[in-house]
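The structure appears below as C-alpha cells.
Proteins get letters first, then strands, A, B, ... in listed order; numbering begins at 1 in each. Because the structure is predicted, anything quoted here is derived from the model rather than measured.
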Amino acid sequence: MDVFALFSARVSNALQVLYPEVGPDLLARIVVEPPRDAAHGDLSTNAAMIVAKPLGKNPREVAGALVEHFQADHDVTSVEVAGPGFINFRLADPIWHQVLRSIGQQGESYGRSNLGQGAPVNIEYVSANPTGPMHVGHTRGAVFGDTLASLMAFSGYDVTREYYINDAGSQINTLARSTLLRYRQALGEIVEIPSGFYPGDYLVPVGQGLKEEFGTGLLEMPEAEALAIVKERVLVAMMELIKADLAKLGIHHDVFFSERQLHGPDGDIARTLAWLREQGMIYEGRLEPPKGKTPEDWEDREQTLFRATDYGDDTDRALIKSDGSYTYFAADIAYHRNKFLRGFKHMINVLGADHSGYVKRLQAATKAVSLNAADMDVRICQLVRLMKNGEPFKMSKRSGDLVTLADVVDEVGVDATRFMLLFRRNDAAMDFDFALVKEQTRDNPVFYVQYAHARAYSIFRNAEKEFPGLDFSPAALASADIERIVSAAELDLVRVLAAWPRTVAAAAVAHEPHRIAFYVHDLAAAFHGFWAKGKDDPQLRFVNAEDPTLTLARLALVDAVRQVIVNGLAILGVSAPEELS
RNA sequence: GGUCCCGUAGCUCAGUUGGAUAGAGCAGCAGCCUUCUAAGCUGUUGGUCGGAGGUUCGAGUCCUCCCGGGAUCGCCA
C-alpha cells in the first residue's frame with residue numbers, strides 16, 4: 001500500500017468530479033507528497049495551483065472546493081488550504097494501521113511496483129578492459145550499476161545486466177605479447193618485461209598454464225600463430241579474474257558481450273556501417289582540429305564520418321582509422337544497434353568520469369541506430385579518492401601499481417564497500433576513508449543501519465524472554481491488535497515506513513540508487529530514536545511486561561521496520577545481520 | 001579554447017525532479033548509562049544555497065553570462 005498513490009488517485013477523482021474539463025496532461029503534473037515541514041500535515045498537494053490557471057480561477061478558490069470535497073473522507077481528519085494554494089491533509093490513525101498491515105502481508109514485496117510494466121532495460125556497467133584484475137576505480141561504477149539494476153528490477157522492469165568486453169583493440173595484442181613473455185619465463189628463459197608491456201604478476205600463472213598445456217610448442221610455431229593461441233587463453237583467464245573480483249562484491253552479469261564478435265567482413269560493424277550508409281548517416285569528409293588544442297600529429301585527411309551532429313553531438317565522428325581498421329566508436333555503434341535489435345528500447349550505461357566526453361556520442365549513436373526509438377541514459381560515476389585518516393592513501397607495493405578492487409573488499413568487507421559507495425550521489429567525487437569505513441560507530445552509516453536491523457532481532461529475543469509462552473510467529477503478528485498503536489512516536493515511525501514505496505519509485509525513475517541508501521539510513525535513525533524514547537517513558541518500550549497484547553502490536557511495528565530495512569538493504573546488496581558481534 | 005560534472009552551516013553531504021520559514025550527520029556547547037545492546041538518544045549554536053541577471057503565483061532546483069574546483073578533448077579503449 002502506498003498512501004501517496006492512494007490519495008493521488010483520490011485527488012484526481014475529486015478534480016474530475018468538480019471540474020470535468022481538466023485534462024489528463026494537467027492531472028499528470030499534480031503531486032501528492034509529504035510536506036517538507038511535518039507540521040503542515042501528512043500529505044500535501046499542489047493540485048489547486050496546477051489546475052487554477054487553465055481554469056481561469058483563483059488557486060485558493062479551487063483549493064477551497066477540494067477541501068470541501070475531502071471533508072467527507074473518513075480517512076482524513078483535517079484538510080486545509082495553506083500558503084498560495086497548497087492543500088494539506090492529516091490522516092486518521094486507521095490509514096497508518098492499514099499501512100502497517102500491508103507491510104506484514106507484502107513482506108519482501110513491500111515497495112515493489114509495476115512502474116516499468118515489464119519493459120526490457122539493458123544496463124551496461126563495469127565493462128573494464130580484460131587486461132588485468134579490476135582496480136578500485138572500477139568499483140564505484142560496478143556497485144552503482146549493480147544496485148541500479150536491482151532497483152529497476154524491483155520496480156517492474158525486465159533488467160539485463162550486461163558487460164561489454166573490449167577484447168578487440170591493440171591493447172589485447174599487447175596483453176598477448178606480455179603473456180608470451182611470461183610463458184618463456186615459465187620455460188626457464190630469463191626475460192625482462194619491457195616498458196609498454198603489462199608487467200603485472202597476474203600473468204605469471206597464465207604463462208605457467210601455457211607451459212603445461214603446450215610445453216615448448218608455442219616457440220616452435222610462427223609467432224603470429226602462437227600469439228593467436230595465447231590471446232584466446234589469456235582473455236579467458238582475465239575474464240575469470242574479473243568475474244572473481246566482481247563476485248567478491250556480489251555482482252553477476254547476465255550477458256558478457258564480446259567486441260570481437262562484432263568485427264569481421266560479415267560482422268555487425270560491417271552491416272551497421274552499410275545500414276548507416278543507406279540511411280545517409282555517413283559521409284566522406286574532413287574534420288576541424290579541436291579548438292584551442294591542435295594535436296601535434298594532426299593530419300587533415302578525408303575520412304569516413306558518422307553524422308553525430310544530427311543527433312546532438314558536438315562534432316561528426318570518425319569510423320575508420322588511417323590503417324583501415326574500425327574505430328572503437330564504430331564498434332560501439334554496432335554494439336548499440338545490436339542491443340536495440342535484441343529488443344532494448346531503454347538502455348543505461350554506467351561510465352567512469354574519464355568517459356564523460358563520450359556521452360553525447362553514445363546518445364547520438366543510440367538515437368541513430370534506433371531511428372529515435374530508443375533512449376540512452378548515461379550515468380557517470382565520479383572519481384573516488386582513497387583516504388586513510390584524512391590523508392590520501394595508496395596501498396600499492398610498487399609505485400605505479402593501482403589498488404585493486406580485491407584489496408579494498410578484503411580490507412573493509414563487501415557491505416561497507418557497497419554502502420559507502422552508494423551513500424553519495426554518483427555524479428559527485430567522493431573520498432573513501434578506510435579508517436571510517438572500518439569503524440563500528442554511528443559515524444559509519446553502514447554500521448548504523450545494520451545495527452537497527454540487529455536491534456529489531458534483539459527486541460524479539462527479549463520479548464520471548466519476557467513472554468515465554470507467547471506466539472511471535474508471522475501469523476501471530478499479522479493478527480496482532482494493531483489498533484493499539486496510537487502514540488505520536490509510533491505513528492511517526494509508521495509514516496517513515498509509508499514513504500518507502502514512493503521512495504523506491506522516485507529512485508527508479510531518476511536512476512538514483514543513492515536515495516535508497518539515504519532512506520534506509522533515515523529509517524534507522526527514526527527507529528533508534530523511538531527506541532530511545534523508551535528510556536524517558538517506559539510506556540513506550542516495545543516490550544511491556546503487563547500488556548502482552550500491546551507488546552504484540554508493537555512487535556508488529558518492529559517487524560515492519562525490520563522488513564523495510566531488509567528490503568532496502570537487499571536492493572543495495574548489503575547484508576542484514578541478526579546480530580552484530 | 002570546446003564539452004560534461006561539482007560549488008548548500010566550520011567539515012562531510014541531503015534536498016522528494018519548480019513548492020511553503022533550505023535540512024541531516026560530524027565538530028562545538030548542554031544533557032541522558034540500576035535501561036529491550038550508550039555500538040544509542042535528546043536539546044542547542046551555526047546560511048547573502050559561488051556571483052549577477054532572467055523565466056512565473058513561487059527558483060537551491062529551469063535558462064543566460066561570469067567566478068572557482070575537477071574530468072575530458074582527431075583515428076587510444
Given [options], which nucleotide is nearest the side-chain atoms of [X]?
X	options	answer
Asp314(A)	C41(B), U3(B), U17(B)	U3(B)
Arg455(A)	C76(B), G19(B), G40(B)	G40(B)
Pro84(A)	C57(B), A77(B), A71(B)	C57(B)

Is there, by distance only and without an angle test, a donor paired with an acceptor across the side chain of [X] and the base of [N] below 3.5 Å?
X	N	value
Asn88(A)	A20(B)	yes
Arg361(A)	G74(B)	no
Arg424(A)	U12(B)	no
Ser170(A)	A77(B)	no
Arg502(A)	U16(B)	yes

For [N], does OP1 or OP2 lie under 4.0 Å from any side-chain N or O of [X]?
X	N	result
Lys360(A)	U3(B)	no
Arg425(A)	G15(B)	yes
His514(A)	G15(B)	yes

Under 3.5 Å between N/O atoms: give me all the protein pairs with nucleotides 24-31 of chain B, atom names plus distance.
residue : atom : partner   : partner atom : Å
C26(B)  : OP1  : Arg442(A) : NE           : 3.2

Next on the checklist: Both conditions, 6.0 Å and 45 degrees, for the charged tip of Arg554(A) above the ring of Phe542(A): are they met here?
Outcome noted: no

With syn defined as a glycosidic angle within 90 degrees of 0 and anti as anything else, the base of C32(B) is anti

Using Watson-Crick or G-U wobble geometry with both distances under 3.5 Å, which nucleotide pairs with [N]?
N	answer
C33(B)	none
G19(B)	C57(B)
U44(B)	G28(B)
G74(B)	none
A52(B)	U64(B)

Assess the side chains of [X] and [Y]: does a donor N or O sit below 3.5 Å from an acceptor N or O?
X	Y	value
Asn426(A)	Gln382(A)	no
Glu302(A)	Tyr283(A)	no
Arg455(A)	His528(A)	yes

query: Which part of the nucleic acid does Phe329(A) contact within heavy-atom distance under 4.0 Å: base, sugar-phosphate only, or nothing?
result: nothing

Please classify the nucleic acid contact of Pro34(A) as base, sugar-phosphate, or nothing, using heavy-atom distances under 4.0 Å.
base

Do other residues, nucleotides or ligands put more than 12 heavy atoms under 6.0 Å from the CD atom of Glu288(A)? no

**Report entry** Mutual orientation of the aromatic rings belonging to Phe447(A) and Tyr451(A) [parallel < 30°, tilted 30-60°, perpendicular > 60°]
**Finding:** parallel

**Message:** Can you classify the ring geometry of Tyr311(A) versus Phe306(A) as parallel (below 30°), tilted (30 to 60°) or perpendicular (above 60°)?
**Reply:** parallel

Under the criteria of a ring-centre distance below 5.5 Å and an interplanar angle below 30°, is [X] stacked with the base of [N]?
X	N	value
Phe86(A)	G19(B)	no
His40(A)	A20(B)	yes
Phe447(A)	A39(B)	yes

In terms of heavy-atom contacts, Ile172(A) and Lys231(A) come closest through CG2-CG, 3.6 Å

To the nearest angstrom, the CH2-C1' distance between Trp298(A) and C76(B) comes to 15 Å

